[in-house]
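Please read all numbers here as calculations on a predicted model, not as lab measurements.
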Amino acid sequence: MGCGASNATTGGYTILVSDTWNQVERTIEVRKRPNNKLVVKRSGWKTVRIFVSSTFRDFHAERETLIKEVFPDLRQWCESRRLHLVDCDLRWGVPVDSSTEETLRVCLGEIDRCYQDNIMPFFLNLTSERCGWIPNPLEVPDSIVEEYRWVMGLSVTEMEIMHGAYRKDNLNSLFMLRDVSFLNNIPAKLKDDLVDVNPIAPEKLRVLKQMLKDRFHENQVNFYKCQYDGVDSDGKVELKGLDDFSKTVFQFFKTRIEEQYPLEEKTTDPYRQIMESHESFMRNRSASVLGRNDILEQIKEHIVSVGVDKALLLLGGPGTGKSSIMARVADVSVEKAISRDIPGSPDQGWHVFYHFVGAIPGSPDLEACLKRLLKELNIINESKMPKDLETTCQVACSALSNPNTKPVIIIIDALNQFDESKESTVLNWLPVKLAPQVRCVFSMIDDTPQHKTLKSRSSKPVELFVTPLDMESRKAIVVESLGKYNKKLDEEQMTSLLSKESSQNPLWLSIACEELRVYGLFEKLTKKIKSFPDGLLSLLESVLSRFEDESGGQLVVATLCLLECSKTGLLERELLMILGNPKNITPSKDVKKIKSDQTIKNPLAASNWARVYRVLKPFLRPFGDSGEGRLDFYHRSLSKAVRAKYFKQDSWKNIWWHTVLAKYFETIENMDRQSEEYPYHLTKCDDKEKLREYLKQWRVFHHFYHPEFSGELLAFWRTVGDKSELFDCYTESLENMNNNPNVDREEISLHYEKVARVV
């Protein structure tokens, strides 16, 4: 009798599910989409949204993998194609006091945004052994039923599938179905979060999976396996064996995005490419500048005023939002210049030059920046290009003080971050008095050498300080930052976050919002907010701790320490070769353990590097597709945080990392890179003997020699000893050359002349 009753019940569920899918069939808009591809022509940057649909309690592990591994990798690939990737992960974002209508509108409304931005949503569904919430007819408002053609009997997750993929036979939709075998080793007490207790669930899931297989192409419906791997500190089930899952999701969306948004043809003019890269940064950063209207108005007044002959300096500490303000100034100036709305040059119009130091590969190179400026002003061309930085500075200074120069507004962000040189510090390219039709707006950290140089001039610059954010602006930043990903804080959470004094700093606030965005436990979100340290460096240190825990442990630490100890940043290939030697990664007080031969044939495995780079990328200067740009910290605040976290208690580690770098650069053949880094690290290690032997080499002498003043060479010799030691060393070498009949006499004379100039 019991068995018969069970069969009757099962049969009843079959009929109910069948009736529901009959209703679904009547709402289908496209029976079968032709195989022709959707190709969108575009100009400039485009936003790509990926909506993630699943029940929540049972997909914590996969969503963590997506948000912290798959999507960051995909985002990096998209950026190389001028695409902004936004992943729509609704694990949290709907306040607990929301009505049913608000909850349903958040879920389905986000899919509407995907339609608006991408014509056909990029849609990812994860399905296993749970159906999730099935609203009863009284819970679904008539407005939702009418607007979204709600089918009673479907769960919210199934309605997401209907709206985002099923009804339109969406080619951009991917369904990842988890194989039931993962349950085999899971303790019984944990299965409630993973298996739906609703008796209709097994039949609903069976039919759903079959309907998906029947409806979509084979590559769109994938079964994947994984295994139980214990629980994390929050009691959430962890899974292993998700590599195939990650690869499938990444490759599917990479292919679909590539087909829908083919790569634009790029200009071959290198100056044009650099300008477009700065333009992309400008557009991105200028999109959200809140609470800075007074500052923007004062900069505008400086630009449009008559009789201005000095630069305006935007000053403030790290993370105060200077770059965003400068980007907005550049964006508005370009717009006004095009429409001839800037007074003062009605005939020619104004040219706007903008440069964001550290924003793109090569941007800290002052010589390249000035040459681009002079080229845009038609002062130089390829046939009359200045030969070096000193000459370039002279031409620039002459042009910016010449009343016949084309009217120009020069906007340079982070002026103090140009590569170290006499020219970048003394600013001899910037005339004391600007021509009447030249406007200069520079941002920098106050009290840096560049700031002090400009303040010491007879014609002092106009100074404008960036003030802390007011409460209204802070709240707007949080709403906008999280709103992009359809997340929002409730009133208590917002108050808790903004009550911290450091929330006045835009960088602290943006880092905090990013930490919240990738946090997967809505029920512990308030506790997470309260745990944020109230201080920029302290927050960065806590972020670094998370990176260690999640993405490579000591490998992350080694990468951070090597970058911090490098003089000018490291090329990616240099970093990979150093990290490829396991003995370099873990510091020891015994520096003799560092292998003297650093010519390791095998660099760090690409998969290991990908994990490290993925988490550090938001804090690094971009280094370009070729990898030839320097990897270095974008914000000096991170440099300070690394120092505080990894060097403060153990000062001997400083010697360890400098020794590792010295050993590596001792062996490389590239003289430019060796001369930049090797003697610097020998100085930091106080290895005077090796430094002396290095400086004695004539190839090194010729590299550092400058006919006017060989300052860097002399500085290194001062580390070794006094000037007499330098003289004695080179004199001995010259005498040996003199006694060698095979050495050309003219060459010896030239060596004597150069040594005399240096000494």
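Within 6.0 Å of NZ in Lys684 there are 12 or fewer heavy atoms belonging to other residues, nucleotides or ligands.
At a threshold of 4.0 Å, the pair Arg75-Glu79 does not count as salt-bridged, since none of the basic side-chain nitrogens sits closer than that to a carboxylate oxygen. With respect to the salt-bridge test (charged N to carboxylate O, under 4.0 angstrom), the residues Lys322 and Asp413 do not qualify. Residues Glu693 and Lys690 are not paired through a salt bridge, judged by the lack of any N-O separation under 4.0 Å between the basic side chain and the carboxylate.
Tyr678 meets the ring pair (Phe, Tyr, Trp, His ring centres under 6.0 Å) test with Tyr694; sequence neighbours excluded. With sequence neighbours excluded, no residue satisfies ring pair (Phe, Tyr, Trp, His ring centres under 6.0 Å) with Phe633. Here His355 pairs with His278, Phe418 under the ring pair (Phe, Tyr, Trp, His ring centres under 6.0 Å) rule; sequence neighbours left out. In terms of the ring pair (Phe, Tyr, Trp, His ring centres under 6.0 Å) criterion, Phe250 has no residue partners (sequence neighbours excluded).
Rounded to the nearest 0.5 Å, atoms OG (Ser637) and CZ (Phe619) are 10.0 Å apart. Remark: His702 NE2 to Tyr705 OH distance equals 10.0 Å, nearest 0.5 Å.
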May I have the list of side-chain donor-acceptor pairs in residues 449-456 shorter than 3.5 Å, sequence neighbours left out?
| unit_1 | atom_1 | unit_2 | atom_2 | d |
| --- | --- | --- | --- | --- |
| Gln450 | NE2 | Ser424 | O | 3.4 |
| His451 | ND1 | Asp447 | N | 2.8 |
| His451 | NE2 | Glu463 | OE2 | 2.9 |
| Thr453 | OG1 | Thr425 | O | 3.0 |
| Thr453 | OG1 | Pro449 | O | 2.9 |
| Ser456 | OG | Lys452 | O | 3.4 |
| Ser456 | OG | Thr453 | O | 2.7 |

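In this structure, Tyr680 has its ring center no closer than 6.0 Å to that of Phe665.
Between the side chain of Ser324 and the backbone N or O of Ser286, no donor-acceptor pair lies under 3.5 Å.
Taking both residues in full, the closest heavy atoms of Gln674 and Pro679 are given as O-CD, 3.3 Å, listed atom of the first, atom of the second, then distance.
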Practice task
For salt bridge (Lys or Arg N to Asp or Glu O under 4.0 Å), just list the numbers for Arg81 and Glu258, CA-CA rounded to whole Å, side-chain angles, deciding distance to a tenth of an Å, and then say yes or no.
Solution key: CA-CA 9 Å; Arg81 306 175 70 84; Glu258 193 169 26; 3.7 Å; yes
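Residue pairs meeting the salt bridge (charged side-chain N to carboxylate O under 4.0 Å, His left out) criterion with at least one member in residues 559-570, sequence neighbours excluded, are Glu564-Arg643, Lys567-Glu712.
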